[in-house]
Amino acid sequence: MTILLYDLVGHDVGRPFSPHCWKTKMALAHKGLAATKVPTRFLEVPGVEGGMSKTVPVIRDGERVVADSFAIALYLDEAYPDRPTLFGGEGGKAMARFIERWSQITIHPYVATVALTGLHAMQDEANAAYFRESREQRYGKRLEEVVANRDAGLSAFRAALEPLRSTLAYQPFIGGASPLFADYIVFGALQWGRIASPFQLLDDGDSIVSWFERCLDLHGGIGRQVAAAA
């Protein structure tokens, strides 16, 4: 039975944008597992699988339903041990958890300031209204005011990525010679920005850009199936 993946989209179902859903798509491809994507908009998330999660991704694999991208990756490695590992053992799981926290604290906040108005524009009327209200309540200001600060924060954002940049001087992927789920965590965050906004997060010559391009090419280039924002 094909795995179902509830995938966050806007009015264009061909432009899924969620960083967390991208982690799961890359994880499924890494394991060589086919999945049927169920396009899901913000206002539809509460109805996914009887309301079992407030967020997506959610997968259904037969009778098993799993929410949260990290929990899904753990499940896939446990359920399909004969396929390529996402973690490479217990140490890899611990390392990936650190990378997830680092990404959420260091990358996601700035990418959000870049992407908010683009994400808003990707929604249909009802979901756009929900997105604006919920995000403006979260930030305490209009979306346009949040995005207006992106230039001021760019240098600090790029500097904060130095641990990743330095790591990639030793190896082609965060996972070492080949990618692991830790790579997909960071990839998902930058893919979110790539799809939502044409704003240039990194200098062209940055080694992180080379790594990101390698990630876009993985698994038959599934990351390139959605074009960058124009």
Side-chain angles (χ1 to χ4, degrees), residues 1-87 92-93 96-97 99-101 103-104 108 111-112 115-116 119-120 122-135 137-138 180-189 191-192 195-196 218-220 222-223 225-226:
M1 185 178 295
T2 303
I3 295 170
L4 294 182
L5 166 63
Y6 294 88
D7 195 11
L8 193 64
V9 300
H11 60 76
D12 183 349
V13 298
R15 293 187 63 76
F17 54 84
S18 164
H20 309 294
C21 293
W22 272 105
K23 294 181 218 175
T24 297
K25 284 194 280 281
M26 296 296 279
L28 287 162
H30 183 105
K31 300 292 281 187
L33 294 166
T36 297
K37 299 175 184 65
V38 182
T40 307
R41 295 173 179 84
F42 283 111
L43 292 174
E44 296 167 337
V45 172
V48 167
E49 294 292 341
M52 63 85 63
S53 176
K54 294 181 180 179
T55 60
V56 288
V58 172
I59 66 165
R60 171 176 281 280
D61 186 14
E63 295 301 311
R64 185 71 183 272
V65 179
V66 187
D68 178 79
S69 59
F70 204 100
I72 290 169
L74 292 172
Y75 165 75
L76 294 175
D77 248 15
E78 292 164 4
Y80 300 94
D82 56 326
R83 294 172 180 264
T85 179
L86 286 162
F87 296 102
K93 293 176 185 178
R97 186 67 78 184
I99 294 295
E100 182 187 55
R101 293 296 87 215
S103 180
Q104 293 277 9
H108 279 241
V111 174
L116 280 174
L119 292 167
H120 177 260
M122 294 173 73
Q123 312 308 314
D124 61 24
E125 184 176 356
N127 283 277
Y130 159 78
F131 185 86
R132 179 176 287 279
E133 181 181 2
S134 61
R135 271 49 179 184
Q137 184 177 34
R138 180 184 302 174
L180 292 174
F181 189 64
D183 289 272
Y184 306 144
I185 291 168
V186 180
F187 170 79
Q191 178 79 326
W192 180 37
I195 292 169
L218 290 170
H219 315 308
I222 64 168
Q225 291 175 5
V226 181

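Start at 1 with the first residue, then count along the sequence.
Across Pro16 and Val226, no two heavy atoms sit closer than the pair CD-CG2, 3.8 Å. The heavy-atom pair separating Asp77 from Pro84 by the smallest distance is OD1-O, 4.0 Å. Cys21 and Tyr6 get closest at one heavy-atom pair: SG-O, 3.9 Å. Summarising the geometry of Phe87 relative to Ala96, their closest heavy-atom pair is CE2-CB, 3.8 Å, with the distance given to 0.1 Å. When all heavy atoms are compared, the tightest approach of Ser53 to Thr55 is OG-O, 2.7 Å. Summarising the geometry of Trp192 relative to Ala189, their closest heavy-atom pair is CB-O, 3.3 Å, with the distance given to 0.1 Å.
Using a 4.5 Å heavy-atom cutoff, the side chains of Pro19 and Gln191 are not in contact.
The only member of Val66, Thr24, Val65 that meets side-chain contact (heavy atoms from CB on, under 4.5 Å) when paired with Val58 is Val65. Among the candidates Arg15, Lys25, Lys37, the single residue satisfying the salt bridge (charged side-chain N to carboxylate O under 4.0 Å, His left out) test with Asp7 is Lys25.
Every side chain to side chain contact (heavy atoms under 4.5 Å, CB included) that Asn127 has, sequence neighbours left out, goes to Arg41, Phe42, Leu43, Gln123, Asp124.
A donor-acceptor distance shorter than 3.5 angstrom exists from the side chain of Arg60 to the backbone of Gly62, with no hydrogens or angles considered. Side-chain atoms of His20 never come within 3.5 Å of backbone atoms of Asp68 as a donor-acceptor pair (strictly under, hydrogens ignored).
Here NE2 of His30 is found 10.0 Å from CE of Met26. Values are rounded to the nearest 0.5 Å. Annotation: the span from Leu8 atom CG to Glu44 atom CD amounts to 9.5 Å, rounded to 0.5 Å. If you take OH on Tyr80 and CG on Leu33, they are separated by 5.5 Å, rounding to the nearest 0.5 Å. Rounding to the nearest 0.5 angstrom, the gap separating the CG atom in Leu86 from the CG atom in Leu28 is 8.5 Å. Interatomic distance, CD of Glu100 versus OH of Tyr184, reported as 16.0 Å (0.5 Å rounding). We find the NZ-CG distance between Lys31 and Asp82 to be 7.5 Å, quoted to the nearest 0.5 Å.
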Candidate pair Leu218 and Phe187, rule side-chain contact (heavy atoms from CB on, under 4.5 Å), full reasoning
CA-CA 11 Å; Leu218 290 170; Phe187 170 79; over 6 Å; no
Report the C-alpha separation of Tyr130 and Glu125 in whole Å, then their side-chain angles, then the decisive distance to 0.1 Å, and conclude whether the side-chain contact (heavy atoms from CB on, under 4.5 Å) test is met.
CA-CA 9 Å; Tyr130 159 78; Glu125 184 176 356; over 6 Å; no
For Leu76 and Phe181: C-alpha separation, side-chain torsions, deciding distance, then whether side-chain contact (heavy atoms from CB on, under 4.5 Å) applies.
CA-CA 11 Å; Leu76 294 175; Phe181 189 64; over 6 Å; no
